Every structure is written in C-alpha cells, then in structure tokens.
Amino acid sequence: MSKEVLVTGGAGFIGSHTVIQLTQAGYTPIIVDNFSNSSPVCLTRLEEITGQKIKYYEADILDTPALSEIFKKHDFQFVIHFAALKAVGESVSVPLKYYKVNVGGTVNLVEVMSQYGCKNLIFSSSATVYGAPQYLPLDEVHPTGVGITNPYGQTKHVNECVLRDLAKSDSEWNIVLLRYFNPVGAHKSGMIGEDPKDIPNNLMPYVSQTAIGRRECLSVFGSDYDTPDGTGVRDYIHVVDLAEGHVKALNKLEESCGLKVYNLGTGNGYSVLDIVNAFSKASGKEVPYKLVGRRAGDVASCYSDPALAKTELNWVAERGLDEMCEDAWHWQSKNPNGFETPPPGKL
Ligand code: UD1
C-alpha cells in the first residue's frame, strides 16, 4: 500500500510543488492547511495536475484536538512540516505571533506525532539560520543562530534546536532539517506557483508582478555591496528541484537516519540585476527598476555548498536561472492575479 505522508502547509508555494513530486514517487500526500497564506484553489489545480484526488483537512497546527483527529484517521509514516509564517518584516512587528505559530506549532505537531507513533519528520528550515555568512559557500557546519536579524529567522533556528534535542532524547526519531536557499520558479504547467497575498516581500514575485504590470517599479535594495555589480547575491533554486529534494529526504528517513541536516541550493549566486535581466529575457517584458538604499538585515552574498545533499541524498538541483524565470513567468502570465484569477476556458 502507498505510504501516507502528512504535509502541513501543503497548499502553499513549496508544499504544493512537493505534493506533486510525492504523488509521482508513489506516496499518498495528505494536506493540512489553514489557508492563512494559501488558497483552496491550489488544491483543485493539484488534482488537475496529478490526475488524483488530493485529500486535505482545513486545520491549524495549533489546534491539537484537530491534529489528533487527523492522525486517528490515517496511518502516517512521515510528516513534512511546511506550515509557518514567513514575512520577515511582519515578524519584527509581531514577534509573538511568529514564535507561537512557528515554534509552538512545531512543538504541538511533534507531540501529536509522538502520541501516534509517527517519528519521521522533514522540517522546512532556511539558510537564514546561518545569519551573516562567516565564509562562502555556506556548508552545513557553518555556525548557526549567530547574527540572525529578525524573529522569523530566529523561529527557524529555535525549531532546529527543538528538533535536535528531540532526536537526542529519543533514538526512534528520524528528522531531516532542510535548509532552503531562495526558492523561485513554478511548476511547468503554469497552474500553481507563488502567490503572495500582499505586496511581495521577496524579489522574484515582485519582479514578476512588475513585469505583468501589477507593480510599477522594482526597488533594488542596495547597489553598493561588495559584489560584482553592487547588488545582493543569492542562491535561487527552482521550486521543483526543491520539491524533489524532499522526496530524496524521505528516502533518507526510510534508512532510519537519526537527525540530518542538508542545504538545498544550487551553489550558484546571482545578483538582483542578474535576476532582472534574466526575467526580462524570459518574459519579453521590461522590468523597470530603481536603485534605492539597502534593506535592513540584508547581507551582501549568500549561497550554498550543496555537496552534502549530493553525496548523501543523491540530489542535485538541475534547473538553471533561465528555466526558473520562464516557469515563474508562465505561472504569472496565465494567472495575473494568482489563484484569484477566474479560470479561463482551458488552462
Ligand atoms: C528573505 C529573508 C529570509 C527568508 C527568505 C524567505 C530577509 C532579510 N531575508 O531572504 O530570512 O528565509 O526571504 O523567502 O528578508 N530585493 C530587492 N528588492 C525587492 C526584494 C528583494 O532588491 O523588492 C533584493 C534583496 O535585497 C536581496 C535579494 O533581492 O538582495 C533577495 O531578496 P529576497 O527575495 O527577499 O530573499 P532574501 O532576503 O535572501
């Protein structure tokens, strides 16, 4: 029988792409989402893409009785925990909300998992745990928890600590912490993609909304960094590559791996202006931009050493920057208003 995988936040950007890869690998994903920053329309799209019924529950990870009920109904072998809040600026103004949902939600989830004897977890962590890089590229032994500039980043770090302690306390737990670099792009179908509810905080959705005419002009935050063109350099990774990394991590859990940590990145750094140029090429649209001051908390450069995931997970990112931009544009141009776009006759 196909193994059931609970996917918290499975209607979100990374979660939804992972659900597709899970079905393709023969797993049965079961989604739990409260739709606080996602749309139920995504679920319909997932069914169209996979040709399968996708089971989901509208529930909050802070709602212990609801989670228990879901665990009672299923035989989860694994949990992939994406559900979290992720707006960096908001986390500075309302930190308690972030600690409650991101840290409280994780503690809640692993308690329920424990009660039901499911002790295999993949956790969505972030390169943000490395703080300001002490050296580049960032490998997994780079110090973490030092110089993190916002509560959102702290919650990722604290969750890593919680899960590390949990794994130490009970050898039955198998936990993979995946540290994502900058996920972008979209599924080839153009039916699902990133759909920020508000003004985008992140670069790629802002660029694509500018190209489609929803935003007037991109502000490039800082042009005096110590980088080739003065703008910030990041490791952008195609979300489908990232999703595939989760399936590889499940294989690792199957080996009873204990606690493991992997970067998921490409190892390549691109500047803000590289992204603007690549996106213009992919979309055939101009992306108007202006150079403005630095954004508080940003670092000049951040990119991964992805070697460990290659050796231990047999995973490498395969899709390049042009494909990331083409797929992001395909999604954006088919769905100018994200999941709120009324479906055209044929997608
Ligand atoms: C940000 C978060 C990081 C989080 C990640 C989640 C900060 C400081 N970091 O990463 O903690 O894990 O999102 O996706 O917020 N840029 C512009 N104009 C824009 C937006 C961004 O020039 O309108 C620049 C930034 O200065 C940066 C690059 O684009 O150099 C990437 O920014 P972004 O997409 O926000 O990602 P990170 O800052 O790397």
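Just follow the structure's listing: the first ligand is 1, and inside any ligand the first atom is 1. Sequential numbering from 1 along the given sequence is applied to the chain's residues. Fair warning: this is a prediction, and the values are worked out from it, not measured in the lab.
- Aromatic rings from Tyr303 and Phe181 are positioned such that their centres are separated by 6.0 Å or more.
- Among residues two or more places apart in sequence or in another chain, the side-chain hydrogen bond (donor to acceptor under 3.5 Å, both in side chains) test is passed with Thr106 by His81, Asn159.
- Taking the six-membered ring where the residue is Trp, Phe339 and Trp331 present tilted rings, their angle falling between 30° and 60°.
- Annotation: His246 is not in aromatic contact with Tyr27 [ring centroid separation under 6.0 Å not met].
- Within the structure, every pair that satisfies the ring-ring contact (aromatic ring centres under 6.0 Å, His included) test and touches residues 134-176, not counting sequence neighbours, is listed here: Tyr130-His142, Tyr135-His142.
- Around ligand 1 you find Val88, Ser126, Thr128, Tyr152, Asn182, Asn201, Asn202, Leu203, Leu218, Ser219, Val220, Phe221, Gly232, Arg234, Tyr236, Val272, Arg295, Gly297, Asp298, each with a heavy-atom distance below 4.0 Å.
- In this structure Asp241 satisfies the salt bridge (Lys or Arg N to Asp or Glu O under 4.0 Å) test together with Arg319, sequence neighbours excluded.
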